[in-house]
Protein chains: 4
Amino acid sequence: MAKTVVYSTRVEFGHCDPARIVWFPNFFRWIDHASRHFFVECGVPPWHETEKTMGVIGTPIVDSHSRFVKTATYGDELAFEVSIPEWRGKSFVQRYRCMRSDDLIMECDEVRIFAGRKEGEPEAIRALPIPQEIRKLCE
Amino acid sequence: MAKTVVYSTRVEFGHCDPARIVWFPNFFRWIDHASRHFFVECGVPPWHETEKTMGVIGTPIVDSHSRFVKTATYGDELAFEVSIPEWRGKSFVQRYRCMRSDDLIMECDEVRIFAGRKEGEPEAIRALPIPQEIRKLCE
Amino acid sequence: MAKTVVYSTRVEFGHCDPARIVWFPNFFRWIDHASRHFFVECGVPPWHETEKTMGVIGTPIVDSHSRFVKTATYGDELAFEVSIPEWRGKSFVQRYRCMRSDDLIMECDEVRIFAGRKEGEPEAIRALPIPQEIRKLCE
Amino acid sequence: MAKTVVYSTRVEFGHCDPARIVWFPNFFRWIDHASRHFFVECGVPPWHETEKTMGVIGTPIVDSHSRFVKTATYGDELAFEVSIPEWRGKSFVQRYRCMRSDDLIMECDEVRIFAGRKEGEPEAIRALPIPQEIRKLCE
């Protein structure tokens, strides 16, 4: 079983749209917070440190697949269960299940990479091989 | 060929994260803007009008699949090409290709529904059959 | 002394801009969350209930004055101390002090109203007299 | 008369809250976009270039005063008129008037600085003297 870390948040008024439900891009904001929270809880240093020590500037997303099952509205308490069920050579799958108590609200599978800067092209990034010291912390 | 409408936006400083690239949830903000822009350009009235005339309060997303191909940063001009390549009984596929000139930045296929309120449950929504007058405007 | 309620949040990677500090509009997101949190903690029902019972649809802002004292970055834990130091006939002052431990990060004084809909103009809002039952809960 | 540059944007569904009006933190998002747009239109290079040439990493806000006059909702076209009416030794006042045709929606006066990094403290910033070459472009 992959290690699972929970990221909790509460839906606020301003997260909701005129239909009075969460405006869906906010789920992706929370998912990105939950992704970083997962690494922090696993003991991985912040990206501005890993940039210096191993050249990792973050974990940008390359693919994302989401299913939206139930709506949520303000006042709801959401729990994102986060894990990394699959490690590949230069990418990994990060999985999120967003629950409101026992109700599945949405779920998402992402493919992410550990990114470094391309030499000579400060705006461009490239996928690094999975840093084994990070992988060990997260399994 | 499905009708295609372009939604244009410019990446601003505040859309970018400490890695100096677009923080990815912003792509979903733009995609939702582009979705509504598509309907507006096709001649569909705003949702607060369709709520009264046909019970449609919006087009919530039920499934989303995205590929992130290249990064973007502030100053970039992005064009989202939007179309509806597939109509089903109670849902439709809305497609987005985000271009920076000739470069594909990201693309996304969503399944959305036309939502109405559930009677007696003002917070809950349900999928309505595709309104044919809307479909005709968008094909 | 006015009642004080604390709203806590953590700064995430995506809240920060390429200068690696909180993109300032995010402070106003948190302030609005903190404003509603204050009312919830004081026992005021959610706005979709007060809309039915007393015509209050929310507490829109009419004036806002902020001072930004220190920067914050991801990983920081922020505490917004919220109070209502002043009640007027149709408006009130809501005050926020955003602390990181003992450091003042920013502070804000807002003037807000309790808003109701204008009859015959569903998009327009008007200031209602301060609902005394809400004031009592918040003092 | 100070140089005035207009930043235009359209209010989208997702910018609005359950009261069906713009969620006010979004005004500050647009204001920050409008601030940078002002400098770009005046011919100031992007901050990642000025960081190298003159140590300027951006123009963080130190004080902000806003008045919200009318509400806006989705479909509205907003024009932010931006100018710098006052230059001080190490700060400047940036002014915004947000119009919908002839209607004033909100206005804001900010104090901002040109920020550089503090030596030895990469997270901390300090106010630089106003770069005269930038001031000349913006008057």
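In the text below, chain A, chain B and the rest are named by the order of the sequence lines, each starting its count at 1.
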Trainee: Would one find more than 12 heavy atoms of other residues, nucleotides or ligands at under 6.0 Å from atom NZ of Lys70(B)?
Mentor: no
Trainee: Looking at Arg67(A), I want to see if its CZ is surrounded by more than 12 non-hydrogen atoms of other residues, nucleotides or ligands under 6.0 Å.
Mentor: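 It does not: Arg67(A) CZ has 12 such atoms or fewer within range.
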Trainee: Side chain, backbone, both or neither: which part of Glu110(B) has a non-hydrogen atom closer than 4.5 Å to chain A?
Mentor: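 It is the side chain, since no backbone atom gets that close.
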Trainee: Please rank Asp17(B), Ile61(B), Ile57(B), Ile31(B) by heavy-atom pairs under 4.5 Å with chain A and give me the top one.
Mentor: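 If we count pairs closer than 4.5 Å to chain A, Ile61(B) comes out on top.
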Trainee: At a heavy-atom separation under 4.5 Å, does Trp23(B) approach chain A through its side chain, its backbone, both, or neither?
Mentor: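 When you check distances to chain A, only side chain atoms of Trp23(B) fall under 4.5 Å.
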Trainee: Tell me the closest heavy-atom pair linking Phe68(A) and Asp63(B), and the distance in Å.
Mentor: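 For Phe68(A) and Asp63(B), the tightest heavy-atom pair comes out as CD1-N, 4.1 Å.
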Trainee: Does the side chain to side chain contact (heavy atoms under 4.5 Å, CB included) test come out yes or no for Arg29(A) and Phe28(B), once each step is laid out?
Mentor: CA-CA 10 Å; Arg29(A) 293 175 65 95; Phe28(B) 292 102; over 6 Å; no
Trainee: Hey, what do you get for OG1 (Thr71(A)) to CZ (Arg126(B)), rounding to the nearest 0.5 Å?
Mentor: 14.0 Å
